[in-house]
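Before any comments, here is the structure.
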Amino acid sequence: MKHHIIKSLATLLVAASLPTVASAQYFESDGIVYGITSGQTVEVLSNYYLHNTPYSGSIVIPQTVEYDGNTYTVTALAETAFESCTTMTSLTLPPTIRSIGSHCFYNCTFTTLQLPDSLRRIDDHAFLYSSISSLHLPACFEEYDECSFWARNLMSITVDEANPRYRSIDGWLYSKDSLTLCIVPSGETGAVAVPQFVQHLGKMAFGFCSHITSVSLPEGLASIGDFAFNCCSTVDGIVVPSTVTHIGVNPFSYCPQMNNLSIASGNTHYVMDGLMVYSAGYDTLVSCHKSGATVTLNPNVKVLGGFENNTWVRNITIPECVTDITENCFNGCKITSITLPTHMKSIGRKAFSENDRLASVTMPQTLLSMGQGAFEHCYALTSIVIPDSLRIIPKEAFNSCIKLSSVTWNNDVEEIGDYAFWALSQMSQTHITNLDLPASLRKVGDCAFGACTNNLRSVTFHGQVDTLGTAVFESANIQKIRFTGGMPPAIKGEGPLYMIGRIDTIAICGNLDAWLSDSYWGQFEDQIVEDCSVGIGDPDVENINIYTLGDRIIVEGAEGETVRIYDITGRSVLNNCLHAGVYLVIVGDRTTKKVVVLSDSY
């Protein structure tokens with residue numbers, strides 16, 4: 001999840017420069033910038049698309065707009081469309097707007113806004129830090145995202161009586177049957193009590209209610225949702241009722257004054273250990289929102305969560321029984337190093353993100369999955385070894401790890417997600433200049449290695465890559481990209497070289513005609529050369545000689561070391577009766593490897 005707390009200046013700088021990959025055409029009409037989203041619709045974009053200033057004054061958005069002989073219906077406000085429009089005094093929306101994007105009204109200062117009857121969705125952080133004091137949701141409104149209503153002065157959310165999903169009672173947002181308290185407006189103050197009829201607190205129900213001093217929960221309450229009291233920075237205590245059977249992820253994140261958390265007598269599902277909340281069997285740590293510098297966990301815990309924004313903890317030993325770390329578990333902490341246990345299976349979404357002091361992570365060879373943004377914005381992280389068990393590196397996994405100067409790949413990685421290594425080693429004293437990707441790799445997402453402007457010079461793909469996303473190497477100044485697979489990869493969107501700073505040579509080993517005739521790669525005919533010589537790191541410099549003899553690959557000087565040979569699909573092959581083709585040879589534990597081309601002339 002995203003948070004209202006800006007961690008550091010570095011966070012702002014990196015976030016501000018993160019590009020949004022889009023191919024939509026945009027234009028200006030009567031002082032408003034629009035982006036074409038289909039043949040008949042447009043969305044309102046930020047004024048910064050064409051100008052150096054935000055919108056100002058009184059803004060009226062029309063239902064339709066003319067451009068290039070076509071008429072478009074205005075159906076959405078794009079993310080950040082009115083961000084920091086501090087001199088905008090009012091906004092009038094047409095009855096065609098269906099969605100409001102993320103951070104749309106961030107830091108806006110106008111206080112009133114009438115939402116149109118057509119509105120169906122509001123994305124995350126849409127009103128963050130805005131001065132909106134009240135909102136009325138129309139009858140057709142369907143869904144909101146986490147933190148959608150985080151506005152500093154929001155005192156009331158009302159709902160059209162005909163809405164089948166939601167209702168409002170005294171300015172608070174409930175499910176239609178009133179059993180779930182969905183949202184308490186973030187401008188609420190003082191001591192508050194949840195009504196007796198409420199059985200569930202929704203996700204982020206009290207999120208960003210930084211002026212509430214105490215919350216009374218009723219007996220009869222059955223569940224407390226994920227991040228339910230996130231950023232309730234002045235609440236000093238909560239009693240969890242005896243009837244609660246479920247508590248979600250990080251329920252008390254960033255509650256620095258909460259020193260009196262307790263569980264009511266008779267609750268058989270949860271227990272307290274100091275300020276830590278465990279499930280009754282101690283197999284799940286639900287919350288550790290505040291602690292000392294050193295934390296000792298129950299040795300029986302298997303699922304770990306609840307440390308988000310715990311800025312006191314510095315040292316923690318994770319018990320060997322732990323198999324799963326949940327979403328946002330250590331987000332925003334100040335831990336400097338961590339060793340994950342040998343039986344770890346999964347790391348949740350953003351589990352270690354925003355740890356700006358985390359310099360070292362040791363991951364086990366049992367790790368099967370990693371969530372989006374798991375180590376995002378870990379500015380101090382310098383090296384990482386991808387375990388052999390991990391096949392997919394997810395979206396934003398190491399995004400903005402600007403000092404990450406060493407990545408050791410396993411031979412089974414199949415996919416690298418969008419922005420996974422964005423800004424890799426950008427501010428490191430030791431830059432990654434040569435990127436050597438494993439033969440098993442099949443798919444690379446949008447901007448996966450974008451913003452590596454200061455360092456990246458060469459890239460080698462070993463094996464047949466199936467798909468490359470948009471702007472994979474955005475802003476990079478690359479001298480050579482080498483493909484050892486036979487056929488050109490399929491491209492997504494604008495293609496991997498979109499927005500690249502420089503590309504001198506595209507070296508391919510395979511069907512040259514297929515590359516030159518490809519509708520995308522053929523554009524780079526002047527850069528494409530056929531080169532089947534040496535791949536990454538020539539082992540000859542380490543007194544190892546590799547050459548072909550008949551239908552075998554000969555490796556001299558590697559006595560006593562294991563020699564592994566992979567074909568272009570990433571499969572391990574035996575060194576006998578090899579067919580003509582491209583092979584990757586790896587000797588022992590050496591980082592150097594060699595690409596060998598076996599011809600059919602023997």
Side-chain angles (χ1 to χ4, degrees), residues 1-3 5 146-147 201-208 215 217 223-233 235-240 244-263 267 269-319 321-335 338 340-341 344-355 358 371 373-375:
M1 60 175 285
K2 298 175 182 176
H3 303 280
I5 303 169
E146 57 187 41
C147 324
L201 293 187
K203 183 176 182 178
M204 303 291 298
F206 284 89
F208 202 44
V215 180
L217 301 179
S223 67
I224 298 174
D226 298 347
F227 312 101
F229 296 95
N230 188 51
C231 297
C232 289
S233 54
V235 173
D236 62 358
I238 284 177
V239 178
V240 177
V244 169
T245 61
H246 172 78
I247 301 177
V249 174
N250 290 300
F252 310 111
S253 170
Y254 200 72
C255 294
Q257 303 301 318
M258 191 178 291
N259 299 312
N260 298 304
L261 178 64
S262 63
I263 296 175
N267 189 306
H269 291 83
Y270 295 96
V271 294
M272 296 286 300
D273 182 357
L275 284 177
M276 291 187 286
V277 180
Y278 285 94
S279 60
Y282 288 96
D283 58 345
T284 300
L285 177 63
V286 175
S287 175
C288 184
H289 71 282
K290 191 173 182 179
S291 68
T294 300
V295 173
T296 301
L297 298 172
N298 187 287
N300 297 317
V301 67
K302 295 180 177 63
V303 179
L304 202 59
F307 284 88
E308 183 180 33
N309 288 315
N310 181 334
T311 56
W312 295 271
V313 64
R314 296 290 185 273
N315 306 298
I316 183 169
T317 299
I318 299 179
C321 288
V322 171
T323 58
D324 302 279
I325 293 179
T326 62
E327 176 182 355
N328 287 73
C329 179
F330 293 101
N331 180 287
C333 293
K334 301 295 182 183
I335 298 170
I338 198 151
L340 302 180
M344 174 72 68
K345 300 295 184 184
S346 69
I347 298 174
R349 179 178 180 267
K350 295 185 181 293
F352 294 92
S353 65
E354 311 289 347
N355 264 264
L358 185 63
F375 295 93

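Note that the structure is predicted; figures quoted are calculated from it, not measured.
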Please name all residues satisfying side chain to side chain donor-acceptor pair (under 3.5 Å) with S291, sequence neighbours left out, ordered by chain then number.
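Applying side chain to side chain donor-acceptor pair (under 3.5 Å) to S291 gives N310.
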
Any side-chain heavy-atom pair from [X] and [Y] closer than 4.5 angstrom?
X	Y	result
N250	N331	no
N328	F227	yes
N300	Y278	no
N298	M276	no
I263	V271	no
V322	M344	yes
K290	C255	no
I325	I318	yes

Smallest separation among heavy atoms of [X] and [Y], with atom names:
X	Y	answer
G305	C329	CA-SG, 3.4 Å
A374	I347	CB-CG2, 4.1 Å
S353	G373	CB-O, 3.5 Å
L297	P319	CD1-CD, 3.7 Å
L285	V301	N-CG2, 3.6 Å
F206	C232	O-SG, 3.2 Å

Quick one: [atom1] on [X] to [atom2] on [Y], what's the gap to the nearest 0.5 Å?
X	Y	atom1	atom2	result
N259	Q257	CG	CD	6.5 Å
F229	L261	CZ	CG	9.5 Å
L304	T323	CG	OG1	10.0 Å
K334	R314	NZ	CZ	7.5 Å
F252	C288	CZ	SG	12.0 Å
H269	S223	NE2	OG	12.0 Å

Before you tell me yes or no, could you show the steps for N355 and I338 under side chain to side chain contact (heavy atoms under 4.5 Å, CB included), namely the whole-Å CA-CA distance, both residues' side-chain angles and the distance that decides it to 0.1 Å?
CA-CA 11 Å; N355 264 264; I338 198 151; over 6 Å; no

Any donor-acceptor N/O pair, [X] side chain to [Y] backbone, under 3.5 Å:
X	Y	value
Y270	I247	yes
S287	V277	no
D324	V303	no

If a pair satisfies ring-ring contact (aromatic ring centres under 6.0 Å, His included) and one of its residues is in residues 287-318, list it, with sequence neighbours excluded.
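As it turns out, the ring-ring contact (aromatic ring centres under 6.0 Å, His included) pairs with a partner in residues 287-318, which skip direct neighbours, are F307-F330.
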
